[in-house]
There are 2 protein chains.
Amino acid sequence: MTSESSKKHPTPTRRISESTIHRLSVYYRQLAILESEGYHTVSSKELAKREKLTPAQVRKDLSFFGSFGTRGLGYPTTELKQKIANILGIDKLWHVALVGAGNIGSALASYKEFAKQGFELNSIFDNDQRKIGSNHKGITISDIGTLPEALKKHHIEIVVIAVPASNAQKIADICVATGIKAILNFAPINLKVPSDVVLRTVNMSMEMEYLSFYLCNRHNIDVPGKG
Amino acid sequence: MTSESSKKHPTPTRRISESTIHRLSVYYRQLAILESEGYHTVSSKELAKREKLTPAQVRKDLSFFGSFGTRGLGYPTTELKQKIANILGIDKLWHVALVGAGNIGSALASYKEFAKQGFELNSIFDNDQRKIGSNHKGITISDIGTLPEALKKHHIEIVVIAVPASNAQKIADICVATGIKAILNFAPINLKVPSDVVLRTVNMSMEMEYLSFYLCNRHNIDVPGKG
DNA sequence: TTTTAGTTGTGAATGAATTCACAGGAAAAA
DNA sequence: TTTTTCCTGTGAATTCATTCACAACTAAAA
Ligand SMILES: NC(=O)c1ccc[n+]([C@@H]2O[C@H](COP(=O)([O-])OP(=O)(O)OC[C@H]3O[C@@H](n4cnc5c(N)ncnc54)[C@H](O)[C@@H]3O)[C@@H](O)[C@H]2O)c1
Ligand SMILES: NC(=O)c1ccc[n+]([C@@H]2O[C@H](COP(=O)([O-])OP(=O)(O)OC[C@H]3O[C@@H](n4cnc5c(N)ncnc54)[C@H](O)[C@@H]3O)[C@@H](O)[C@H]2O)c1
């Protein structure tokens with residue numbers, strides 16, 4: 001009997017693995033495809049087949065969040081898609097800010113998929129005087145000095161960091177101090193943030209190194225995740 | 001007794017987890033930092049502390065590939081860094097081609113880190129007549145029609161796909177048919193490749209969705225990977 | 001109505017990854 | 001030389017994730 005179980009909260013603290021969360025994203029995309037193909041229901045078997053997973057995995061993942069299916073029939077496509085959107089929180093609008101309007105930052109600012117998923121990028125920051133004040137896809141690039149006040153003013157919940165590695169920690173610290181709880185980092189560095197802030201780092205060099213490792217070792221090592 | 005064990009190959013087939021490979025990349029970066037800070041040796045304890053891992057994890061990861069340390073002393077910084085570079089295959093030059101010279105493709109073509117790690121991007125392909133023949137960072141953009149012959153001519157081992165999702169499978173198929181064994185994909189789609197081809201997909205929307213999930217569920221769910 | 005086929009949801013079993021715990025060895029201090 | 005301190009390498013134990021297997025239920029056919 002933990003202190004947690006004495007609370008009347010409807011959903012007690014459970015542990016959901018990172019893999020399960022990523023698979024929810026995968027199911028969401030596949031459900032959109034199934035929906036467009038006209039399927040009203042889909043079985044765990046079919047969903048699993050399309051994503052090279054096991055039906056049990058699909059059912060177990062979903063069961064962590066509730067009972068969405070009908071025995072003998074499967075899951076209602078549109079409803080399940082909506083349920084997953086709700087679980088992932090992509091049925092609402094998120095306010096996103098981008099720091100660093102360089103090569104990768106500019107690409108991200110032009111990325112349409114984000115907006116489609118409800119991630120509204122409406123603030124861009126840089127410290128380069130030549131960029132500050134200029135317009136990028138309809139968004140004016142602001143001075144990095146205004147970051148704290150702007151994060152609050154625009155109710156930013158998620159910050160994307162796309163500055164050189166040497167400046168990334170400094171930006172992260174400002175975000176944390178301003179109350180940001182979610183950061184997506186593209187700088188190849190291990191940022192330090194408090195445990196109540198979620199940080200995801202996309203490190204493309206590490207992905208390349210994984211490929212390189214596989215090419216070198218595929219004959220003597222059984223590498224997972226291939227295929 | 002498998003057919004493998006009858007070969008005289010020094011390293012029989014073992015299973016190395018994806019996490020272990022990623023951590024090798026992480027150790028490599030941290031060793032470079034330790035080296036620059038003047039450390040000649042480093043203990044699993046120190047390495048673990050800097051990456052928020054356990055010392056046992058560090059030792060176990062390294063032990064899959066050999067015994068690199070000295071009891072009572074630790075690991076020799078420079079030597080271990082070199083050993084890991086060799087395991088990951090980043091002590092050699094890899095020939096990389098990029099398909100899709102759009103927003104993200106252009107950013108990747110300008111990315112200096114790749115070259116530093118031995119990933120030489122020397123071919124770019126597109127199907128847009130306005131882009132073909134133009135120069136990007138000293139590399140002429142080639143017609144996508146010439147992809148198969150160019151991959152062979154330039155001994156390309158790794159292909160980076162940065163085209164719209166609708167065209168990505170087509171490009172992957174051409175690469176596979178030409179004998180490519182490693183693909184880094186940026187299109188948000190589940191590409192199908194044979195089991196002897198290693199595919200890594202960087203899906204930024206999924207990373208955003210992970211952040212969104214965390215923001216919605218951090219009070220009732222114990223989400224891993226935060227901190 | 002009864003039977004048959006199909007599918008979920010979930011405890012139990014299995015498998016994989018991580019951590020523990022300590023023998024074995026190296027260096028430094030006594 | 002002997003003792004103490006420190007740290008690796010690794011089997012065993014543990015924790016975590018996946019898969020199995022089946023009761024419970026639905027819909028459709030007989
Ligand atoms: N280019 C790529 O394809 C790529 C790929 C993966 C990762 N990255 C990483 O993303 C980051 C950015 O890379 P890039 O190629 O876009 O570099 P870049 O130099 O083109 O862009 C960096 C931008 O950040 C701005 N900046 C620097 N310090 C700042 C600060 N303190 N506050 C606000 N803005 C600041 C600069 O003015 C510049 O506009 C780097 O950490 C890089 O390693 C880039
Ligand atoms: N822009 C981003 O920040 C970003 C982020 C994550 C993922 N992505 C993904 O990366 C891919 C590219 O995105 P983008 O924003 O750079 O798009 P883009 O439209 O700017 O670039 C796509 C490029 O691919 C070329 N192309 C299209 N079909 C081709 C073919 N069959 N052969 C060769 N070249 C072809 C186009 O001419 C264009 O130059 C998309 O799948 C997108 O979802 C983009």
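Only this structure's heavy atoms are used, side chains among them; waters, hydrogens and symmetry mates stay out. Proteins come first, then strands; the chains are lettered A, B, ... in the order of their sequence lines, and each starts at number 1.
- C:dT19 atom C1' lies 12 Å from atom CG of B:L53, rounded to whole Å.
- Between A:T54 and D:dT19, a side-chain N or O to OP1/OP2 separation shorter than 4.0 Å is present.
- For the ring pair (Phe, Tyr, Trp, His ring centres under 6.0 Å) test, residues two or more places apart in sequence or in another chain that qualify with A:F114 are A:Y111.
- Judged as a side-chain contact (heavy atoms from CB on, under 4.5 Å), and not counting sequence neighbours, the contacts of A:T41 are A:L73.
- Put simply, CZ on A:R15 is 12 Å from P on C:dT18, counting in whole angstrom units.
- Taking every heavy atom of residues 59-78 of chain B and every atom of DNA chain D, pairs under 4.0 Å involve B:R59, B:K60, B:S63, B:S67, B:F68, B:G69, B:T70, B:R71, B:G72, B:L73, B:G74, B:Y75, by number.
- Checking C:dT8, D:dC20, C:dT18 against the side-chain heavy atoms of A:A56 singles out D:dC20 as nearest.
- For B:R50, the salt bridge (Lys or Arg N to Asp or Glu O under 4.0 Å) partners are B:E37, B:E46, not counting sequence neighbours.
- The local environment of NZ in B:K92 is crowded, with over 12 non-hydrogen atoms from other residues, nucleotides or ligands closer than 6.0 Å.
- For the pair A:K52 NZ and D:dT18 C1', the computed distance is 18 Å after rounding to whole Å.
- Nucleotide D:dT19 holds its P atom 17 Å from the NZ atom of A:K45, rounded to whole Å.
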Would you give me the side-chain donor-acceptor pairs under 3.5 Å for residues 158-171 of chain B, sequence neighbours excluded?
residue	atom	partner	partner atom	Å
B:Q169	OE1	B:K192	N	2.9
B:Q169	NE2	B:D173	OD1	2.8
B:Q169	NE2	B:K192	O	3.0

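- Remark: A:K83 NZ is loosely packed, at most 12 non-hydrogen atoms of other residues, nucleotides or ligands lying under 6.0 Å away.
- Straight-line distance from the CG atom of A:L47 to the P atom of C:dG9: 13 Å, rounded to whole Å.
- The ring-ring contact (aromatic ring centres under 6.0 Å, His included) analysis of residues 58-79 of chain B, with sequence neighbours excluded, yields no pairs.
- Residue B:S44 places no side-chain N or O under 4.0 Å from the OP1 or OP2 atom of D:dC7.
- For the pair A:R23 and D:dT18, the criterion of a side-chain N or O lying under 4.0 Å from OP1 or OP2 is met.
- We find that CD of B:E18 is positioned 12 Å from P of D:dT18, with the value rounded to whole Å.
- Out of C:dT18, D:dT18, C:dT7, the shortest distance to the side chain of B:S17 is found at C:dT18.
- Following rounding to the nearest Å, A:H40 (NE2) and D:dA27 (C1') show an atom-to-atom distance of 17 Å.
- For A:Q57 and C:dT7, the CD to C1' distance is 18 Å, given to the nearest whole Å.
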